[in-house]
Amino acid sequence: MIKLSKRLATIASFCAPKDKVVDVGCDHGLLSIYLYAKVKEILATDINPYSLEMAQKNFAKYDTPIKTVLCDGINFSSIIEYDTLVIAGMGASTIIHILEDKEKLQTINKIIISSHNHQELVRSYLNKIGFYLQEETVIYDKHYYTIMVFLRGKKRHSKKLNKYGLIKDENLTYYEYLLQKDKDIFYKNPSKELEEEINFYQKIIEKIAEQK
């Protein structure tokens with residue numbers, strides 16, 4: 001069995017045996033190889049020919065005959081055969097660009113996303129196009145990563161949920177990190193928005209500490 005990083009292993013944990021998964025931007029294909037034995041079907045895509053070639057070599061190495069498509073995101077005809085997307089290792093603007101073609105999402109019921117930045121934009125956009133945040137976890141794997149699971153549905157997000165995500169006691173260290181980061185920025189360039197964020201994280205940290 002191939003060994004995944006903590007980030008990829010966490011992403012894989014949200015994929016179910018019944019899922020038909022598209023690994024969007026598969027890079028070298030390690031996640032796809034792992035999912036090959038776990039899910040009903042797996043397809044690997046990438047916009048970079050070199051990355052897809054490396055993935056194909058890894059698929060051959062691990063004897064996993066995984067289908068591949070060279071394309072921009074989900075811009076291929078057989079997308080209608082799948083119901084789950086995994087999009088990881090990209091920034092928010094790239095992720096949103098991939099999901100802008102709503103016709104390609106008609107059969108998609110679950111989207112698992114790990115965005116390098118601006119998670120608030122991703123949450124807001126996914127909710128706008130008919131998905132809601134069902135689960136979210138933060139892991140530390142040399143850096144902090146937020147992994148979000150969206151399901152198709154009409155549950156509306158609050159502005160607070162879009163901005164801060166799902167608040168969990170287990171993320172205390174992450175909130176402390178964000179608080180210090182905001183304070184450092186505020187010291188150099190104060191703003192009302194940063195002040196509100198600082199107050200929010202301080203209250204969350206205090207509330208979690210009180211419960212211990």
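All values reported here derive from a predicted model rather than from experimental measurement.
Aromatic ring orientation, Tyr175 versus Tyr201: parallel (interplanar angle below 30°, classes split at 30° and 60°). Ring geometry for Tyr164 against Phe200 counts as parallel: the plane angle stays under 30°, on a 0 to 90° scale with 60° as the upper cut. Ring orientation note: the planes of Tyr174 and Tyr177 are close to parallel, at an angle under 30° on the 30°/60° scale.
Glu196 CD to Asp182 CG: the interatomic distance, rounded to the nearest 0.5 Å, is 11.5 Å. Rounded to the nearest 0.5 Å, atoms CG (Leu43) and OG (Ser78) are 6.0 Å apart. Atoms CG and NZ, from Leu85 and Lys20 in turn, are 14.0 Å apart once rounded to the nearest 0.5 Å. Note: His118 NE2 to Ile96 CD1 = 9.5 Å, rounded to the nearest 0.5 Å. With rounding to the nearest 0.5 angstrom, the CD1 atom of Ile185 is 6.0 Å from the CG atom of Leu194. A distance of 4.5 Å separates CD1 of Ile11 from CD1 of Ile147, quoted to the nearest 0.5 Å.
Between Glu136 and Met148, the shortest heavy-atom contact is OE1-CG, 3.3 Å. Taking all atoms of both residues into account, the shortest heavy-atom contact from His157 to Asn162 is ND1-OD1, 2.8 Å. Looking at every heavy atom in both residues, Leu31 comes nearest to Leu8 through CD1-O, 3.7 Å. Nearest heavy-atom pair across Phe76 and Cys71 is CD2-SG, 3.6 Å. When all heavy atoms are compared, the tightest approach of Ala12 to Leu4 is CB-CD1, 4.3 Å. Residues Ile42 and Asp23 approach most closely at CD1-CB, 4.1 Å, considering heavy atoms.
The closest donor-acceptor contact from the side chain of Thr45 to the backbone of Leu70 lies at 3.5 Å or more, if one exists at all. At distances below 3.5 Å, at least one donor-acceptor pair connects side-chain atoms of Asn48 with backbone N or O atoms of Tyr50. Asp19 contributes a side-chain N or O that, together with a main-chain N or O of Ala16, makes up a donor-acceptor pair within less than 3.5 Å. A donor-acceptor contact shorter than 3.5 Å links the side chain of Ser115 to the backbone of Asn117. Within the 3.5 Å criterion, the main-chain N or O of Tyr132 finds no donor-acceptor partner in the side chain of Arg152. Remark: side-chain polar atoms of Asp46 are not paired, donor with acceptor, to backbone N or O of Leu52 under 3.5 angstrom. For Ser51 (side chain) and His28 (main-chain N/O), no donor-acceptor pair under 3.5 Å exists by modelled atom type. Listed for the Asp72 side chain is no donor-acceptor partner under 3.5 Å among the backbone atoms of Ile47. Formation of a donor-acceptor pair under 3.5 Å by the Asn199 side chain with backbone atoms of Glu195 is found in this model.
Side-chain contact check for Ile111 versus Thr84: every heavy-atom pair is 4.5 Å or farther apart. The closest side-chain heavy-atom distance from Thr107 to Asp83 is not below 4.5 Å. No side-chain heavy atom of Arg123 sits less than 4.5 Å from a side-chain heavy atom of Asn127. Residues Arg7 and Ser114 meet the side-chain proximity criterion, which asks for heavy atoms closer than 4.5 Å. Ile98 has its side chain within reach of Met90: a pair of non-hydrogen atoms, C-beta onward, lies under 4.5 Å apart. Within the 4.5 Å cutoff, no side-chain heavy atoms of Leu126 are placed close to those of Leu133. Residues Leu166 and Gln134 have side chains not in contact (no heavy-atom distance under 4.5 Å, counting atoms from C-beta outward). Residues Lys61 and Ile33 have side chains not in contact (no heavy-atom distance under 4.5 Å, counting atoms from C-beta outward).
Using a 4.5 Å cut-off between side-chain heavy atoms of Ile, Leu, Val, Met, Phe, Trp and Tyr, with links allowed through other members, Tyr82 and Phe150 fall into the same hydrophobic cluster. Hydrophobic clustering of Ile, Leu, Val, Met, Phe, Trp and Tyr side chains at less than 4.5 Å, counting indirect connections, unites Ile129 with Leu161. Leu35 and Leu30 fall within the same hydrophobic cluster, where Ile, Leu, Val, Met, Phe, Trp and Tyr residues are linked whenever their side-chain heavy atoms come under 4.5 Å apart, directly or through other members. Hydrophobic clustering of Ile, Leu, Val, Met, Phe, Trp and Tyr side chains at less than 4.5 Å, counting indirect connections, unites Phe131 with Leu99. A chain of hydrophobic side-chain contacts below 4.5 Å, direct or via other Ile, Leu, Val, Met, Phe, Trp or Tyr residues, connects Ile208 to Val138.
No more than 12 heavy atoms of other residues, nucleotides or ligands lie within 6.0 Å of NZ in Lys155, so this atom counts as exposed by the packing criterion. Heavy-atom neighbours of Lys168 NZ from other residues, nucleotides or ligands within 6.0 Å: above the threshold of 12. Other residues, nucleotides and ligands place no more than 12 heavy atoms under 6.0 Å from the CD atom of Glu103.
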- Task: Carefully, step by step, assess Ile139 and Tyr144 under the rule side-chain contact (heavy atoms from CB on, under 4.5 Å).
- Result: CA-CA 6 Å; Ile139 59 107; Tyr144 281 107; over 6 Å; no
- Task: Would you please test Glu120 and Lys159 for side-chain contact (heavy atoms from CB on, under 4.5 Å) and show each step?
- Result: CA-CA 9 Å; Glu120 72 281 2; Lys159 290 182 179 179; over 6 Å; no
- Between Val21 and Glu41, is a side-chain contact (heavy atoms from CB on, under 4.5 Å) present by the stated rule, with each step listed? CA-CA 6 Å; Val21 182; Glu41 196 168 341; over 6 Å; no
- Task: Kindly determine whether Tyr125 and Glu100 satisfy side-chain contact (heavy atoms from CB on, under 4.5 Å), including the steps that lead there.
- Result: CA-CA 9 Å; Tyr125 182 75; Glu100 279 178 336; 3.7 Å; yes
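A salt bridge does not link Glu135 with Lys110: none of the charged nitrogens is closer than 4.0 Å to a carboxylate oxygen. Under the 4.0 Å criterion applied to side-chain N and carboxylate O atoms, Lys163 and Glu193 are assigned as salt-bridge partners.
Tested against Ser32, the residues Ile66, Val22, Val86 include a single side-chain contact (heavy atoms from CB on, under 4.5 Å) partner, Ile66.
Under 3.5 Å, the side chains of Gln180 and Asp184 contain a donor-acceptor pair of N or O atoms.
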